[in-house]
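To start, the structure under review is shown below, and the notes come after it.
Throughout, protein chains are lettered first and strands after them, A, B, ... in sequence-line order, and every chain is numbered starting at 1.
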Protein chains: 2
Amino acid sequence: MKDEFAFIRSIQPDRHHQPTVVAGIGDDAALYDGEDGWHEIATVDTLAEDIHFSRKTMTPYQTGHRALAVNISDIAAMGGRPVFYLVSVSVPKAGTWREEELQEMYRGMSDLAAKYEMDLIGGDTNATYDKLVVSVTVIGRVEKGVKLLRTNARPGDTVFVTGPVGSSAAGLQLLLDEGLEAEKENKRAQAHQTPMPQVQAGRIIAGSGLRTALNDISDGLASEAHEIANASGVAMELEWALIPHELDGEERQKEWALFGGEDFQLIGCAGENDTEKLRQLFEAEGLKLYPIGTVTEGTGVWLTDGKERTRLDKGGYNHFT
Amino acid sequence: MKDEFAFIRSIQPDRHHQPTVVAGIGDDAALYDGEDGWHEIATVDTLAEDIHFSRKTMTPYQTGHRALAVNISDIAAMGGRPVFYLVSVSVPKAGTWREEELQEMYRGMSDLAAKYEMDLIGGDTNATYDKLVVSVTVIGRVEKGVKLLRTNARPGDTVFVTGPVGSSAAGLQLLLDEGLEAEKENKRAQAHQTPMPQVQAGRIIAGSGLRTALNDISDGLASEAHEIANASGVAMELEWALIPHELDGEERQKEWALFGGEDFQLIGCAGENDTEKLRQLFEAEGLKLYPIGTVTEGTGVWLTDGKERTRLDKGGYNHFT
């Protein structure tokens, strides 16, 4: 597919039949009216073997963890609490996955689910041709009125992230270099294999009542910054010195931090004073919030490093600026 | 996988964290508390190319129709109204599906969705290795208190179906024999390519307030009868002469009608008088209900054809009885 975003626009419905839809396609997850006082949130993500994960770098347990974490992260980006999950797994006919390995994958999900008191409520088990495909649906809840949408950024806002970025990409490289077994206790390897979604951070922001645009960083900081900037019709100025990472001394630190993705930290935009209020709320719960730039009028995402100002594309630098 | 049902039991949680779960794994779809006065219903099903469908027998449009219909049918079997759907599609890197074909697939879904005023509210687009995999999640609603569960059958009940069975299997054979283009207007081919879920039938049963066990016939009449019988701890006696089908003169009529599946009719059990009440409610809306047997004490599903009484296995006859 040439352009996933153009394709998604082409299949996006131009109106909703149901008046209960609050936000459909085009954000981290869908919002619709739920129980009294609550919106329901629904999201689905699929991991395919040798596309999104490899048995060379992740155990079945870790694959399960990640398949669920990806979706919980989308709920976190809406400020919600994950509640239920459904799993559809397509198992290769070739027999490359043993039943014990599949059970390990489900255990990776249920251990993570237990942290949030989530329940597995459904799914199906199917065959596929030659690679495992696992599709997870997560249903969550957020208080009515909370809409941490991508369209919420305004010129003058501060851009923030909830934690270090790039560790997952660095961990993947390490695992590719050194293999699955060598790096059990390594923090970077863990960032790739068992990333933790930022539900608590999302809940603090939801509870604050402050206007905030929020995204989870699944496709890379630059890409998610673009999504917010495009959806809100604004530009962003990011400062390299402010972006938190644990990659000092690494030649590829900028590439990993800006374009690596899959850390499942959150990126957001809120008014300057509101961001400071959020930082204090985070601190009170032992969490950190890192201002990394500002929202301006215009288009595009820009990075200042010392004196150099560069336009960031979604997936890399654009040197024609 | 040796035994899908044993595997599902092995990954099934032994308790729920959330008190709002009404029915989790083990029925057509999950039930949980929703908006005031309503339960939410969630279900997910995945179709994999060359496992569940083939481009030789279904167009992309029909594949989309079927991928959504499978899930709507699960909602129908809970007596619910389908409301939302999310689509996760994994597209072969090999480029075997053109973007226009993918759009056709989504159009097949949205045309069917429009009949029920359902909205596409989310999903994702991914790559996969070499075969298309499409996973659809459907969220529906049913009035609180309605639980058309598999466990509801009681000895003395009548077993019924909502329409003819076996046409989809017969249609598949026709398409395999004669190819995709030859059979556009053929009713059997349509039964395979664009099966219609029985939402209206499920809604009548839900509205009746009568105790009913209900399943959709996705894996074959015998298989679904077994699921109800096992879940309810009862046996079933079916009568071949009563089973509705449109396969007269066909050598394989019994095989198709009993084990073919994918017709998306409903099979249910209700008290004898209640079944007659349901039949009248159906008739009032221009639908039919066909009694096909009775529920008894014991185990197993049995078929009487003339004087011969045979034990039916899930996927075929058992000749050792």
Original post:
Quick one: which of A/V133, A/D50, A/T128, A/T46 gives a side chain to side chain contact (heavy atoms under 4.5 Å, CB included) with B/T128?
Top reply: A/V133
**OP:** Kindly compute the distance separating CG (A/D124) from OG (B/S135), expressed to the nearest 0.5 Å.
**Re:** 7.0 Å
Subject >> side chain to side chain contact (heavy atoms under 4.5 Å, CB included) involving B/A69 - partner list, sequence neighbours excluded >> reply: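 Expected list: B/H65, B/L112, B/P197.
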Original post:
Within a strict 4.5 Å, meaning less than it, do heavy atoms of the A/I139 and B/E40 side chains meet?
Top reply: no
Original post:
Which bit of B/M109 is near chain A, if near means a heavy-atom gap under 4.5 Å: side chain, backbone, both or neither?
Top reply: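 Looking at B/M109, nothing touches chain A.
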Original post:
Where does B/R107 contact chain A at under 4.5 Å (heavy atoms): side chain, backbone, both or neither?
Top reply: neither
Original post:
Who wins among A/S110, A/A113, A/A127 for the most heavy-atom pairs under 4.5 Å with chain B?
Top reply: A/A127
Subject >> Most chain B-contacting option - heavy-atom pairs closer than 4.5 Å, from A/A48, A/S90, A/S88 >> reply: A/S88
Subject >> Top contributor to chain A interface from B/V87, B/V89, B/L86 [non-hydrogen pairs under 4.5 Å] >> reply: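 The candidate making the most pairs under 4.5 Å is B/L86.
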Original post:
NZ of B/K131: more than 12 outside heavy atoms within 6.0 angstrom?
Top reply: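 Buried by this count: over 12 neighbours within 6.0 Å.
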